[in-house]
Amino acid sequence: GVPRKRRKKTRFDLEFNDVLSMHATGGACFGVVLVVIPHRLFSSFAGAEGYSHLAHEIARCYGALTLAQSWLAFRTRAISDARVRRMLSEAYFVCYSVTGLALARAAWAAPRLHGLLGALACLLSFA
């Protein structure tokens, strides 16, 4: 094969492990906040309908899953098998894409029931 030219690395170039580290850090922070958010603060983000215990518990479960995925992303950095790393990154992509689409569909179907927290969750799932 023809050898590829290596381009000069800049300070803005990211390695895959850098992306995994950022994902792990952001996911862990977001997950912990959703798991431990107090009822009063959650109700202030809940929108016009006010506090819903069920919605709060679902947000906590989503936070727990996000926290677990951040742990997987953090541990994936140590895997040297490129096939496994690719499979895990594809799984993250599919998971967060489906989550974002589900949240966007819910917001589209009932826009007045989704407050700031719903919009933020939808945007963050695509990040």
Side-chain angles (χ1 to χ4, degrees):
V2 177
R4 292 184 184 188
K5 286 185 178 179
R6 295 192 109 194
R7 68 181 184 89
K8 186 178 178 182
K9 219 175 167 180
T10 68
R11 63 185 177 136
F12 298 109
D13 287 340
L14 291 175
E15 298 289 329
F16 185 60
N17 279 349
D18 297 332
V19 174
L20 288 173
S21 294
M22 288 186 291
H23 173 70
T25 302
C29 293
F30 186 65
V32 167
V33 166
L34 283 179
V35 169
V36 301
I37 190 170
H39 296 292
R40 185 173 303 244
L41 183 59
F42 185 83
S43 65
S44 69
F45 290 121
E49 296 298 314
Y51 179 76
S52 165
H53 183 73
L54 179 61
H56 193 185
E57 295 310 313
I58 290 171
R60 284 188 171 162
C61 289
Y62 179 72
L65 288 172
T66 302
L67 188 57
Q69 280 194 333
S70 70
W71 177 251
L72 287 172
F74 178 74
R75 297 292 293 172
T76 299
R77 296 174 321 122
I79 296 173
S80 60
D81 187 343
R83 294 173 301 165
V84 174
R85 290 168 63 97
R86 180 177 179 159
M87 184 260 323
L88 286 170
S89 64
E90 289 170 350
Y92 295 140
F93 173 78
V94 169
C95 178
Y96 283 109
S97 294
V98 170
T99 301
L101 290 173
L103 290 171
R105 188 212 174 275
W108 178 74
R112 69 179 188 85
L113 297 178
H114 291 80
L116 177 62
L117 188 61
L120 181 63
C122 187
L123 288 174
L124 284 175
S125 67
F126 285 112

Supply the atom-to-atom distance [X] [atom1] to [Y] [atom2], rounded to the nearest 0.5 angstrom.
X	Y	atom1	atom2	result
Phe16	Ser21	CZ	OG	10.5 Å
Ser70	Met22	OG	CE	14.5 Å
Ile58	Leu34	CD1	CG	12.5 Å

Run the side chain to side chain contact (heavy atoms under 4.5 Å, CB included) test against [X] and tell me which residues pass, sequence neighbours left out.
X	value
Arg105	Ala109
Cys95	Gln69, Thr99
Glu90	Arg86

With a cutoff of under 4.5 Å between side-chain heavy atoms, which Ile, Leu, Val, Met, Phe, Trp and Tyr residues group with [X]?
X	value
Phe74	Trp71
Val35	Val32, Val36, Leu67
Phe93	Val94, Val98

Considering all heavy atoms of both residues, which atom of [X] and which atom of [Y] are nearest to each other, and what is their separation?
X	Y	answer
His23	Ala73	CD2-CB, 3.3 Å
Leu72	Tyr92	C-OH, 3.0 Å
Ile37	Leu41	CG1-CD2, 3.9 Å

- prompt: Would Ile79 and Leu88 satisfy side-chain contact (heavy atoms from CB on, under 4.5 Å), going step by step from the backbone distance to the final call?
  reply: CA-CA 10 Å; Ile79 296 173; Leu88 286 170; 3.9 Å; yes
field: salt bridge (charged side-chain N to carboxylate O under 4.0 Å, His left out) contacts in which one or both residues fall within residues 57-76, not counting sequence neighbours
entry: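 Counting only pairs at least two positions apart or across chains, the salt bridge (charged side-chain N to carboxylate O under 4.0 Å, His left out) contacts touching residues 57-76 are Glu57-Arg60.
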task: Measure the acute angle between the ring planes of Tyr62 and Phe30, then classify it against the limits of 30° and 60° as parallel, tilted or perpendicular.
output: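 The rings of Tyr62 and Phe30 stand perpendicular, inter-plane angle above 60°.
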task: Using side chain to side chain donor-acceptor pair (under 3.5 Å) as the criterion, list what pairs up with Asn17, not counting sequence neighbours.
output: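 Partners of Asn17 under the side chain to side chain donor-acceptor pair (under 3.5 Å) test: Arg85.
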